[in-house]
Amino acid sequence: TLGHDIGDTLLVEAARRISSCVRASDTVARLGGDEFVILLASLEELDCVERIARTLVSTLVEPFLLANEQAYISASIGIALYPNDAQEIDDLLKHADQAMYSSKNAGRNRHSYFAPEMQQAAQLRRRMTNDLRGALEAQQMRVHYQPIVELATGSIHKAEALVRWQHPVRGLVSPADFIPLAEETGLINEIGDWVFRESARQVAHLRQIHHCNFQISVNKSPVQFRKDGGPTKAWFRYLQELGLTGQSMVIEITEGLLMNVEHNVTEKLLAFRDAGMQVSLDDFGTGYSSLSYLKKFDIDYLKIDKTFVSNLESDPDNLTLCESIIVMAHKLGLKVIAEGVETEAQRDLLAHAGCDYAQGFFFSGPVAATEFEEFLLAWSKVYQGSNNAINNCG
């Protein structure tokens with residue numbers, strides 16, 4: 001409709017965009033017409049194919065500026081794997097072509113695998129992503145709370161907020177299944193904002209009925225940190241609207257975020273500190289974080305990963321590691337929280353080592369807000385007399 005010259009310009013720009021989505025070692029070729037082939041060599045895992053296919057689609061659906069016109073195209077991708085799908089190049093190309101037409105028939109702007117089991121997995125992933133887009137609006141998301149117990153006194157004035165997805169067909173979907181999808185699609189920003197606000201309302205309520213200094217920690221994805229702008233300032237305003245100080249919330253981050261720290265990440269961490277919010281470093285000991293980060297970013301809590309806690313009774317090395325982390329943290333002025341505590345023996349060993357807090361199924365798993373309040377009430381009846389576990393601050 002715009003002439004052959006403009007069509008050629010579109011093909012050249014499409015080729016440039018396609019090439020930008022792959023590695024320099026990969027091969028991009030135009031077979032003819034509007035069909036391109038990409039050869040991805042020496043891939044270590046299938047997830048790389050998924051990521052590249054999604055990047056290709058999202059890149060090609062962006063508008064093309066051609067002369068004075070904006071043009072939009074669709075991208076249909078077929079994927080065939082060597083040697084699973086074919087061992088000869090002609091067969092591999094034929095199978096990839098068949099998978100591409102499957103993508104076209106399914107509505108375009110998508111990718112399909114030739115292998116039936118892989119194609120089914122890709123379709124399930126797409127359905128999950130589509131369902132996730134409407135989950136918040138459909139009120140399918142839930143926030144559960146897991147208590148964090150002060151080991152020296154048995155008191156509970158902290159909890160971690162954990163998001164759950166109550167799917168109408170699949171039931172309770174594990175965060176391990178939907179959080180990566182939310183991060184890849186950017187939906188984690190919307191979900192994370194909702195979790196923060198729900199948790200803020202809950203902590204305001206718990207400060208009235210349970211403990212005036214109750215804290216709730218919320219996990220913040222690296223994707224949320226890297227988003228320009230973001231809800232950080234809106235969070236501070238929301239706390240003020242609820243009559244809360246920054247001390248009411250703790251932001252949980254991972255070691256990986258600090259390893260690849262960027263300027264806007266630094267700014268947001270400092271903004272949390274300036275607002276009075278504390279920062280907790282989750283899964284400590286499983287990554288490669290430099291100890292200098294603990295001082296640089298004013299980390300308040302270290303959370304010992306559950307992999308170190310699970311074998312405390314039987315593995316002297318794990319106990320030594322936990323004791324070392326606790327001593328180091330205290331020397332730096334940090335508090336320590338042990339995750340994954342499941343037995344009385346684990347709790348006692350951690351308490352003897354000087355660990356400040358613990359959470360895990362030995363105390364309670366993550367539960368809905370109403371159940372959490374009932375748990376706190378029952379806990380107070382057991383501990384209030386001897387340990388002053390429940391303190392309503394007057």
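Along the sequence shown, residues carry numbers from 1.
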Worksheet entry | With D300 via side-chain hydrogen bond (donor to acceptor under 3.5 Å, both in side chains) - residues at least two apart | none

Discussion item. Quick check for you: to the nearest 0.5 Å, what is the distance between I77 atom CD1 and R54 atom CZ?
Written reply: 11.0 Å

Discussion item. Under a 3.5 Å cutoff, is there a donor and acceptor pairing between the side chains of N219 and E160?
Written reply: yes

Item to complete: May I ask you to decide whether E252 forms a salt bridge with K220, counting only side-chain N to carboxylate O separations under 4.0 Å?
Response: no

Worksheet entry | Short side-chain to backbone donor-acceptor contact, N109 and A75, under 3.5 Å | yes

Discussion item. Using a 3.5 Å distance criterion without hydrogens, assess whether the side chain of H210 forms a donor-acceptor pair with backbone atoms of I156.
Written reply: yes

Discussion item. With a 4.0 Å cut-off on N to O distance, would you call D97 and K94 a salt bridge?
Written reply: no

Practice prompt. To the nearest 0.5 angstrom, please state how far the CD1 atom of I216 sits from the CD atom of E198.
Written response: 10.5 Å

Item to complete: Flag the pair I79 / F114 as yes when at least one side-chain heavy-atom distance between them is below 4.5 Å, and no otherwise.
Response: no

Item to complete: Indicate whether the side chain of S112 and that of S103 have a donor and an acceptor atom separated by less than 3.5 Å.
Response: yes

Discussion item. Quick test of your reading of the model: are K306 and E339 salt-bridged, counting only N-O distances below 4.0 Å?
Written reply: no

Discussion item. Under a 3.5 Å threshold, yes or no: a donor from one side chain and an acceptor from the other, between Q215 and Q278?
Written reply: yes

Discussion item. Show the nearest heavy-atom pair for residues S221 and E183, with the distance to one decimal.
Written reply: OG-OE2, 2.8 Å

Worksheet item: Are side-chain heavy atoms of Q87 and L92 found at a separation under 4.5 Å?
Response: no

Worksheet entry | Least distance between heavy atoms, I18 atom then I38 atom | CG2-CD1, 3.6 Å

Worksheet item: Do I179 and I188 have side-chain heavy atoms sitting under 4.5 Å apart?
Response: yes

Worksheet item: Between Q146 and Q359, is any side-chain donor less than 3.5 angstrom from a side-chain acceptor?
Response: yes

Fill in: Whether F196 and W235 hold their rings parallel, tilted or perpendicular, with breakpoints at 30° and 60°
parallel

Response to the item:
Interatomic distance, CZ@F36 vs CG@L60, rounded to 0.5 Å, equals 8.5 Å

Item to complete: Please determine, by modelled atom types, if E88 and Y82 share a side-chain donor-acceptor pair under 3.5 angstrom.
Response: no

Worksheet item: Can any side-chain N or O of H167 pair as donor or acceptor with the backbone N or O of V173 at less than 3.5 Å?
Response: no

Worksheet entry | Trace of the side chain to side chain contact (heavy atoms under 4.5 Å, CB included) decision for L136 with I191 | CA-CA 7 Å; L136 268 183; I191 294 171; 4.1 Å; yes

Worksheet item: Roughly how far, to the nearest 0.5 Å, is CD of Q346 from CG of N311?
Response: 8.0 Å

Discussion item. What I'd like to find out is whether the side chain of E241 reaches to under 4.5 Å of the side chain of F236, using heavy atoms alone.
Written reply: no

Worksheet item: What's the spacing between F178 CZ and L132 CG if we round to 0.5 Å?
Response: 7.0 Å

Worksheet entry | NZ or CZ of R347 within 45° of F362 ring axis and under 6.0 Å | no

Practice prompt. Please report the shortest heavy-atom distance between A71 and L66, naming the atom on each side.
Written response: CB-CD1, 3.7 Å

Item to complete: Determine whether V163 and M141 make a side-chain contact, defined as any pair of heavy atoms from C-beta on separated by less than 4.5 Å.
Response: yes

Worksheet item: Do the side chain of S248 and the main chain of L244 share a donor and acceptor less than 3.5 angstrom apart?
Response: no

Fill in: Over 12 non-hydrogen atoms of neighbours within 6.0 angstrom of CD in E45
yes

Worksheet item: Does the side chain of M277 reach to within under 4.5 Å of the side chain of L239, using non-hydrogen atoms?
Response: yes

Worksheet entry | Pair S310-E342, side-chain donor/acceptor within less than 3.5 Å | no

Worksheet item: Does R17 count as lying over the ring of F64, i.e. NZ or CZ under 6.0 Å from the six-ring centre, within 45 degrees of the axis?
Response: yes

Worksheet item: Angle class for the F372/F375 ring planes (parallel below 30°, perpendicular above 60°, tilted otherwise)?
Response: parallel

Discussion item. Is there a side-chain contact between V250 and V279 in this structure, where contact means two heavy atoms from C-beta onward sitting under 4.5 Å apart?
Written reply: no

Worksheet, complete the sentence: What one should report as the nearest heavy-atom pair of P147 and G365 is CD-O, 4.3 Å

Discussion item. Under a 3.5 Å threshold, yes or no: a donor from one side chain and an acceptor from the other, between E373 and H205?
Written reply: yes

Item to complete: First locate atom SG of C212, then atom CZ of R207, and finally report the distance between them rounded to the nearest 0.5 Å.
Response: 7.0 Å

Worksheet item: Is there a donor-acceptor contact under 3.5 Å from the side chain of K268 to the main chain of F225?
Response: yes

Worksheet item: Between S217 and K158, is a side chain to side chain contact (heavy atoms under 4.5 Å, CB included) present by the stated rule, with each step listed?
Response: CA-CA 8 Å; S217 59; K158 298 180 185 295; over 6 Å; no

Worksheet item: Is there a side-chain contact between R170 and M128 (heavy atoms, below 4.5 Å)?
Response: yes

Item to complete: Return the orientation label for the Y357 and Y301 ring planes: parallel under 30°, perpendicular over 60°, tilted otherwise.
Response: perpendicular

Fill in: Non-hydrogen atoms of L350 and V309 that approach each other most closely
CD1-CG1, 4.2 Å

Worksheet item: Is T9 reaching over with its side chain to a backbone N or O of D5, donor-acceptor style, under 3.5 angstrom?
Response: yes

Worksheet item: Is a donor on one side and an acceptor on the other found under 3.5 Å between the side chain of N84 and the backbone of L81?
Response: no

Fill in: Neighbour count above 12 (heavy atom, 6.0 Å) for K104 NZ
yes

Fill in: Sidechain-backbone polar pair: W379 side chain, G154 backbone, donor-acceptor under 3.5 Å
yes

Worksheet item: Under 3.5 Å, side chain of D282 to main-chain N/O of I253, donor-acceptor pair present?
Response: no

Item to complete: Quick one: do R127 and D131 satisfy salt bridge (charged side-chain N to carboxylate O under 4.0 Å, His left out)? Show the steps, please.
Response: CA-CA 6 Å; R127 286 196 295 270; D131 292 347; over 6 Å; no

Practice prompt. Grab the two heavy atoms, one from N189 and one from Q224, that are nearest each other, plus how far apart they are.
Written response: OD1-CA, 3.4 Å

